[in-house]
Amino acid sequence: MAFLRGHSLAKSTKILLGLLVTISGLILVLRYREFRLNDEVNFYEIQIPFLQLIPRSTIYNPWVLVTAIFAEISIISFILSFGILFISSKFVERFWGYLEVIKFVGIVGSISNLITVVVAIISNIMREDVASMNKPLGGGISYYFGFLVVFKQLIPEHNIVLFQGLINFRVKHVPFAMLVLVSLWSSFVSRSLYPAVPSISSFFVSYFYLRFFQQFLAQPILPVTTTTGSPSTNDTANSSIITGDASDTFQLSEFFPSAIKPYLARVFDSIYEVSVLLGLVTPFNDEMVEQCNLRAQKSQEQASKQQKTVSASVAERRRQVALQVIEDRISKETATGGSTA
């Protein structure tokens, strides 16, 4: 736990990783204790229903919709969740503040878990699959796609380069590609609704939260905004509250390939109009759209500036290392030449 108290970690990162380590560790300890008391039971089949998302017992333990966000039972899923929380929360906190990052993970994770367990219960009843009612669900998959949506919102045009340029793609293309991947995995590998249901749920829940419900404090002159949970601004009297992200680059159709984007745009626009008529969402006006477009542009500029700073720092370190290697080589050659003489 000393690592989690490091001063270099963002505040939201410390809290989220602390919850992940605490809840997952507690589950491990309780499972091991149960195994010691009854060694005839398979360790991997032991469940902790008051911490894990189990369809049969969720109705009696509704708080597991939250605790299951951080409940990992395998070392691989724990490492994956640890890495995603470590990288994503640290980056996003620069734009939102630590409270909004924690709230985002809690809202997206708990609602995704609710959708997942309801779908699992209905599916198991229809298929008369009693065994699956005791299968634990939840974990970090409830927020993985949420962070992908956030990256699409903040840095859509950022290029990801892998293997020295062999693989090169933009952040805005990642969510759709991953949705296709998990859908294929569920169809042909796991042959179940998992992990497709929690992944798709996380995607849409995070999108609708960011698009229509997340609140920002916006300065009336500058298009710079912070979330209402961020303490980075003290002059809230001259600020106005913006709800949602009405920018053109964050439309739902922008997550999909250009070939099908025009057709999906019509469908999504119709759903939006019906939702406005039913009072489910608040309609965007032209002023809000313009202000959100300015904020999106500002966020992208800020992210690009940070990336350039990191790249420059890395290049400077490489230059220093190269110079040190050259100096060491010259020193060795000089010493060798002197001894030979």
Side-chain angles (χ1 to χ4, degrees), residues 80-81 83-96 100-101 104-105 108 140-141 143-185 195-196 199-212 214 216 223-225 244-269 289-315:
L80 181 61
S81 295
I84 289 176
L85 285 177
F86 179 82
I87 297 172
S88 301
S89 60
K90 182 178 180 180
F91 177 80
V92 178
E93 184 175 318
R94 301 173 186 173
F95 299 88
W96 290 359
E100 181 62 24
V101 176
F104 174 79
V105 173
V108 173
I141 197 171
Y143 56 78
Y144 291 168
F145 275 78
F147 278 117
L148 291 180
V149 175
V150 174
F151 293 148
K152 165 67 173 68
Q153 180 192 39
L154 296 177
I155 50 173
E157 301 299 329
H158 179 70
N159 284 327
I160 298 178
V161 180
L162 301 176
F163 306 111
Q164 297 182 348
L166 184 61
I167 299 178
N168 188 353
F169 54 90
R170 291 184 178 180
V171 169
K172 65 181 181 181
H173 298 144
V174 176
F176 176 76
M178 294 303 298
L179 283 175
V180 172
L181 181 61
V182 297
S183 299
L184 293 175
W185 183 277
S199 299
I200 295 173
S201 300
S202 177
F203 172 81
F204 282 105
V205 169
S206 59
Y207 174 79
F208 285 118
Y209 172 71
L210 297 175
R211 180 70 169 175
F212 299 106
Q214 188 183 46
F216 285 88
V224 180
T225 60
D245 184 352
S247 60
D248 295 328
T249 58
F250 198 57
Q251 297 182 58
L252 186 56
S253 58
E254 294 295 323
F255 284 83
F256 297 88
S258 302
I260 61 176
K261 190 183 301 182
Y263 307 101
L264 292 177
R266 299 192 189 100
V267 176
F268 295 150
D269 289 342
V289 172
E290 182 180 358
Q291 192 167 13
C292 287
N293 283 334
L294 289 173
R295 177 168 63 86
Q297 181 180 358
K298 189 71 176 179
S299 297
Q300 293 181 33
E301 292 175 354
Q302 181 180 351
S304 299
K305 183 178 180 180
Q306 292 176 353
Q307 183 64 28
K308 290 179 180 179
T309 302
V310 173
S311 300
S313 177
V314 172

Quiz item: Any idea how F176 and F256 line up, ring-wise: parallel (<30°), tilted (30 to 60°), or perpendicular (>60°)?
Solution: perpendicular

Quiz item: For L148, which of L179, V171, V174 qualifies under side-chain contact (heavy atoms from CB on, under 4.5 Å)?
Solution: V174

Please confirm whether the backbone N or O of [Y] pairs with a side-chain atom of [X], one donor and one acceptor, at under 3.5 Å?
| X | Y | value |
| --- | --- | --- |
| R211 | D245 | yes |
| S253 | L264 | no |
| Y143 | S206 | no |
| N293 | D248 | yes |

Self-check item: Y144-S81 side chain donor-acceptor pair, cut-off 3.5 Å
Solution: yes

Exercise. With E254 as reference, evaluate R170, K172, K261 under the salt bridge (Lys or Arg N to Asp or Glu O under 4.0 Å) test and give the passing residue.
Key: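 Running salt bridge (Lys or Arg N to Asp or Glu O under 4.0 Å) over R170, K172, K261 with E254 returns exactly one hit, K261.
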
Please report the shortest heavy-atom distance between [X] and [Y], naming the atom on each side.
| X | Y | answer |
| --- | --- | --- |
| K152 | T249 | NZ-O, 2.8 Å |
| L210 | Q214 | CD2-OE1, 3.4 Å |
| G244 | C292 | O-SG, 4.0 Å |
| P175 | F145 | O-CE2, 3.9 Å |

Exercise. Can you measure from CE (M178) to CH2 (W185) and round to the nearest 0.5 angstrom?
Key: 11.0 Å

Exercise. Measure the OG-CD distance between S247 and E290 for me, rounded to the nearest 0.5 Å.
Key: 13.0 Å

Can you check whether [X] reaches [Y] side chain to side chain, under 4.5 Å on heavy atoms?
| X | Y | result |
| --- | --- | --- |
| V150 | W96 | yes |
| V149 | F255 | yes |
| S202 | I141 | no |

Self-check item: Audit row: F204, L252, side-chain contact (heavy atoms from CB on, under 4.5 Å) steps and yes/no
Solution: CA-CA 9 Å; F204 282 105; L252 186 56; 4.2 Å; yes

Self-check item: F91 ring center near F151 ring center (under 6.0 Å)
Solution: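 Close enough - the centres of the two rings lie under 6.0 Å apart.
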
